[in-house]
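Here's the structure, in structure tokens; my notes come after.
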Amino acid sequence: KNEVEQSPQNLTAQEGEFITINCSYSVGISALHWLQQHPGGGIVSLFMLSSGKKKHGRLIATINIQEKHSSLHITASHPRDSAVYICAVRNTGNQFYFGTGTSLTVIP
Amino acid sequence: DAGVTQSPTHLIKTRGQHVTLRCSPISGHKSVSWYQQVLGQGPQFIFQYYEKEERGRGNFPDRFSARQFPNYSSELNVNALLLGDSALYLCASSLVSLETQYFGPGTRLLVL
């Protein structure tokens, strides 16, 4: 079993839809990261969370430490949001574990 | 200011050879981490260095080693290459050890 599980694995949405990507983890963490990876490999760090909620533009990330769960929300989705979204956690031993990613396609 | 840079961008090696990948962090960043991403999978953590010391290590064999230099740049070395080492190798830097990471474009390694 992976330390980090993401769902769904693939997601197709119409432009404008509200999108939620979920991440569950099984290890004690010091931080959780949401990353965006575009075709070709480039990775952008979207959020780093250790508690609560963060918002950046149309992106919102939440984390529930007790339930070991995080969600990434995208409001008013746009085709340029199409990418793979990866959840990663840093455990208390300073190791990183990554989910396998959620491939999002937003259709105009 | 330049972001994280990695070299080379692409590399082809044969089984048994050795490879050195290089990473230059964002200016002022003291932490560098290395990741391996096999096609179709999420990244796997290899190493983290902070202030030239190893601060974290993933589940990789001893064929993988790394170091960080006084200017905070880093090298990842892989000995006795296997076909399964073919992957995108990503480097990320952060200001300090537990801050947001900024990723480089990666080095694509193909082992034949």
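Since this is a predicted model, take the numbers as computed values, not measurements. Throughout, a chain's letter reflects where its sequence line sits, starting with A, and its residues are numbered from 1.
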Legend entry - Rounded distance (nearest 0.5 Å) linking atom CZ of B:R55 with atom CD of A:Q95: 15.0 Å
Legend entry - Side-chain touch B:F103/A:L35, heavy atoms, less than 4.5 angstrom: yes
Inset, instruction - Answer yes or no: does atom CG of A:N10 have more than 12 heavy-atom neighbours from other residues, nucleotides or ligands under 6.0 Å? - result: yes
Inset, instruction - Determine, using ring centers only, whether A:F96 and B:Y35 are less than 6.0 Å apart. - result: yes
Inset, instruction - Would you check if there is a donor-acceptor pair between the side chains of B:Q37 and A:Q37 at a distance under 3.5 Å? - result: yes
Inset, instruction - Could you tell me whether A:K53 atom NZ has more than 12 heavy atoms of other residues or ligands within 6.0 Å of it? - result: no
Inset, instruction - Could I get the full list of salt bridge (Lys or Arg N to Asp or Glu O under 4.0 Å) partners for A:E15, not counting sequence neighbours? - result: none
Legend entry - Gap between atom NE2 of A:H33 and atom CD of B:Q101 - 0.5 Å precision: 5.5 Å
Legend entry - Within 6.0 Å of CG in B:N71, more than 12 heavy atoms from elsewhere: yes
Inset, instruction - May I have all residue pairs that pass salt bridge (Lys or Arg N to Asp or Glu O under 4.0 Å) and include part of residues 64-89 of chain A, sequence neighbours excluded? - result: A:R58-A:D81
Legend entry - Part of B:R57 within contact of chain A (heavy atom distance under 4.5 Å): backbone
Inset, instruction - Mark yes when over 12 heavy atoms from residues, nucleotides or ligands other than B:L112 sit less than 6.0 Å from its CG; otherwise mark no. - result: yes
Legend entry - Which portion of B:I46 sits near chain A, non-hydrogen atoms under 4.5 angstrom: neither
Inset, instruction - Taking atom OH of B:Y102 as the centre, report whether more than 12 heavy atoms of other residues, nucleotides or ligands fall under 6.0 Å from it. - result: no
Inset, instruction - Kindly indicate whether the side chain of A:I43, heavy atoms from C-beta on, has any atom under 4.5 Å from the side chain of B:P43. - result: yes
Inset, instruction - Begin with the C-alpha distance, continue with both residues' side-chain angles, and end with the deciding distance and a verdict on side-chain contact (heavy atoms from CB on, under 4.5 Å) for B:T100 and A:F47. - result: CA-CA 8 Å; B:T100 298; A:F47 294 103; over 6 Å; no
